[in-house]
Amino acid sequence: MTLRLGDIAPDFEQDSTEGTIQFHSYLGDSWGVLFSHPKDFTPVCTTELGEVAKLKGEFDKRNVKVIGLSVDPIDDHHAWKGDIEETQGTALNFPLLADSDKKVSDLYDMVHPNANDTLTVRSVFIIDNNKKVRLIITYPASTGRNFDEILRVIDSLQLTDGYKVATPVNWKEGDDVIIVPALSNEEAEKLFPNGWDEQKPYLRVTKQPNR
Ligand code: BEZ
């Protein structure tokens with residue numbers, strides 16, 4: 001199934017290192033990040049899982065539940081957890097789906113046969129609190145992801161859902177933002193009483209509104 005931005009993230013039930021996960025009810029009112037790993041006991045994945053465990057507090061702050069996935073069986077996942085803690089210095093503190101029947105991988109189109117016909121690629125989905133898919137990124141197996149970038153996108157999505165702004169290139173929390181072009185200057189005056197820097201009629205830069 002090909003998923004697109006704005007689609008409802010498919011629901012599923014699958015075994016995980018924290019027991020059976022019913023995806024939608026597990027998410028509840030939270031946002032979610034679902035990300036896949038090609039295989040257990042692989043070096044890049046080991047570093048990624050350690051990093052996400054270290055960032056768990058950052059995801060919690062943003063009301064985001066993280067869920068990893070690998071197509072190996074649950075016993076392998078439990079054995080791998082020890083290696084992750086030993087080598088990365090942080091224990092796995094979020095569920096890792098054991099998708100050996102590829103139920104979830106197929107639902108989320110995580111196996112790209114022309115890259116590898118059995119393993120998943122490194123997919124990342126950001127899902128909002130209405131269960132809508134808000135970001136899809138696909139990385140090759142040989143490239144570890146940058147989870148600071150995932151947090152940055154969550155910050156942008158949560159900000160731009162609440163205010164009539166968009167975030168410019170390389171934006172990060174606290175930087176100036178752009179007033180959406182659909183807003184007239186008359187409307188913008190009400191919402192941004194401190195004004196803006198009008199570099200072009202369509203490029204109006206203002207302070208981040210919620211700070
Ligand atoms: C890794 O996670 O290290 C990895 C997995 C599949 C192919 C290459 C690297």
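Start at 1 and go down the list; that is how both ligands and their atoms are numbered.
Between Y26 and H24, the gap from one ring centroid to the other reaches at least 6.0 Å.
Ion pair D72/K39 flagged as a salt bridge, since at least one NZ, NE, NH1 or NH2 atom sits closer than 4.0 Å to an Asp/Glu carboxylate oxygen. A salt bridge is absent between D148 and R152: the closest approach of a Lys/Arg side-chain nitrogen to an acidic carboxylate oxygen does not fall below 4.0 angstrom.
More than 12 heavy atoms of other residues, nucleotides or ligands sit less than 6.0 Å from atom NZ of K54. Counting heavy atoms of neighbouring residues, nucleotides and ligands inside a 6.0 Å radius, atom NZ of K132 does not exceed 12 of them.
At least one side-chain heavy atom of P10 sits under 4.5 Å from a side-chain heavy atom of Y108.
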Can you give me a line-by-line list of nitrogen or oxygen pairs between ligand 1 and the protein shorter than 3.5 Å?
residue, atom, partner, partner atom, Å
ligand 1, 2 (O), T42, OG1, 3.0
ligand 1, 2 (O), V44, N, 3.3
ligand 1, 2 (O), C45, N, 3.0
ligand 1, 2 (O), R122, NH2, 2.9
ligand 1, 3 (O), P43, N, 3.1
ligand 1, 3 (O), V44, N, 2.6

